[in-house]
Amino acid sequence: MKKLLVLTDFTPNASHAEVAALHLAVKLGYSILLYHTLPYIPFIPSDSGGPYAAETVGILFGASKERLMQEADKLREITVMTPVKAVSIQEKSGEGNLGDVINELTADPEIDMVIMGGRSGGALEHIFSGSDTNAVISKARRPVLIIPAHVAWHIPRKVIFATDFGINDIKAVSYLKELSLRLHFKLHIVHMVHHGEVLSEIGAEVAFREYLDEQQLQYTQVSAGNVHTGLRAYCDEQGAHLLAMAHHQHSFVSRLLGHSETMALIDDQTLAVLVFPPGF
């Protein structure tokens, strides 16, 4: 059975994403794997006694596993108290930086999507630091759905995919089209350009647009002075419920990550964002 890998650190933002994942799992007929990782704690010898340090680490891991079981039980209670289909919920804990373990976790062919909470619209409280979010969307092998804490999650009825016409975007659009058949949403493709930018007619761009024509997918080119704010405005105008983007070397996401507004689109979003990592 396909699974949704749900990342948690037990914060309200994480809980919000977990409930959203539950509703998505019900709609897709998937199970849920709830995952929490403790940062790697190095063993530091001292005169006060190494065994004490090792015991402390063991206590931390024990508390983490107990909390993870409680979090999974909370989700199971929701399935009992609400008229939803039964969803299998498993939990797993680990050690280390999330960016270091996400690649291995998503190598499992049963994992179809990663779900995590996003920042609270500028609030200090959030599920992961920006650097961890960057690591996840850079190293995961499956699409990563980031859900802001302040956004009420509903199964999307309209999804916008922001493309740079990269050849790798075809795989992302193919995934979205298949997903649209199961979730019954409308998929729309948009290419954001700066004012005065000329759209080329060579290479991967032509192949991508030919693919869109074959698949009978709607495509729009939008000019804006600022690509970041222009895309946000376009999503609002179109009434989008989900924004999707591919992340590769020269992608729109890559330009954002290398810009002074690093992760701004994800941090300030008013809707969920689905990112297709380079390893997808």
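Both backbone and side-chain heavy atoms feed into the values below; hydrogens, waters and symmetry mates do not.
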Please confirm whether the backbone N or O of N103 pairs with a side-chain atom of R141, one donor and one acceptor, at under 3.5 Å? yes

To check you understand the geometry: which heavy-atom pair defines the closest contact between P278 and S138, and what is its length? CD-O, 3.5 Å

Is the shortest side-chain heavy-atom distance between M245 and V273 below 4.5 Å? yes

Carefully, step by step, assess T220 and Y234 under the rule side-chain contact (heavy atoms from CB on, under 4.5 Å). CA-CA 11 Å; T220 302; Y234 182 77; 3.7 Å; yes

When rounded to the nearest 0.5 Å, the distance separating CD1 of I89 from CG of L34 is 8.0 Å

Please determine whether side-chain contact (heavy atoms from CB on, under 4.5 Å) holds for the pair F161 and V190, giving the CA-CA distance in whole Å, both sets of side-chain angles, and the decisive distance to 0.1 Å. CA-CA 6 Å; F161 179 77; V190 63; over 6 Å; no

Crowded around K186 NZ? As in, over 12 foreign heavy atoms under 6.0 Å? no

pair L105-K92: side-chain heavy atoms closer than 4.5 Å: yes

Sidechain N-carboxylate O distance under 4.0 Å for K3, D112: no

Check whether any side-chain heavy atom of S15 sits under 4.5 Å from a side-chain heavy atom of E71, and report yes or no. yes

To the closest 0.5 Å, what do you measure between SG (C235) and CD1 (I160)? 4.0 Å

Between CG of D169 and OG of S174, what distance do you get to the nearest 0.5 Å? 12.0 Å

Enclosure of Q238 CD (heavy-atom neighbours >12, cutoff 6.0 Å): yes

Heavy-atom closest pair (I137 atom, I146 atom, distance to 0.1 Å) is CG2-CD1, 4.1 Å

Given side chains that start at C-beta, do those of L33 and D108 come closer than 4.5 Å, heavy atoms only? no

For the rings on H191 and F165, is their centre-to-centre separation under 6.0 Å? yes

Hey, are T11 and D9 close enough side-chain-wise for a donor-acceptor pair under 3.5 Å? yes

Can you name the closest pair of heavy atoms from L4 and A21 and give their distance? CD1-O, 3.4 Å

Any chance you could measure Q221, atom CD, to M192, atom CE, to the nearest 0.5 Å? 9.5 Å

Can you give me the closest heavy-atom contact between K158 and G239, atom names plus distance? CB-O, 4.2 Å

Aromatic ring proximity, centroids under 6.0 angstrom, F185 and H241: no

Heavy-atom distance under 4.5 Å between the side chains of L274 and F276, does that happen here? yes

Go through the steps for K2 and L28 under the test side-chain contact (heavy atoms from CB on, under 4.5 Å), then give the verdict. CA-CA 9 Å; K2 290 291 186 179; L28 292 171; over 6 Å; no

Out of curiosity, L145 CG to L242 CG, how far, rounded to the nearest 0.5 Å? 6.5 Å

Any heavy-atom pair between the side chains of I147 and I115 that's under 4.5 Å? yes

Euclidean distance, T8 OG1 relative to M116 CE, rounded to 0.5 Å: 10.5 Å

Is any side-chain heavy atom of S88 closer than 4.5 Å to a side-chain heavy atom of I32? no

Y211 vs V173 side-chain heavy atoms within contact, under 4.5 Å: yes

At their closest point, which heavy atom of R142 faces which heavy atom of I111, and how far apart are they? NE-O, 3.1 Å

Quick one: is the NZ or CZ of K171 closer than 6.0 Å to the six-membered ring centre of F280, and within 45° of its axis? yes

If you take all heavy atoms of Y35 and S93, which pair is closest and at what distance? CE1-C, 4.0 Å

Salt bridge present between R67 and E91 (N-O < 4.0 angstrom): no

Walk me through whether M1 and E110 qualify under side-chain contact (heavy atoms from CB on, under 4.5 Å). CA-CA 6 Å; M1 175 182 286; E110 292 188 344; 5.9 Å; no

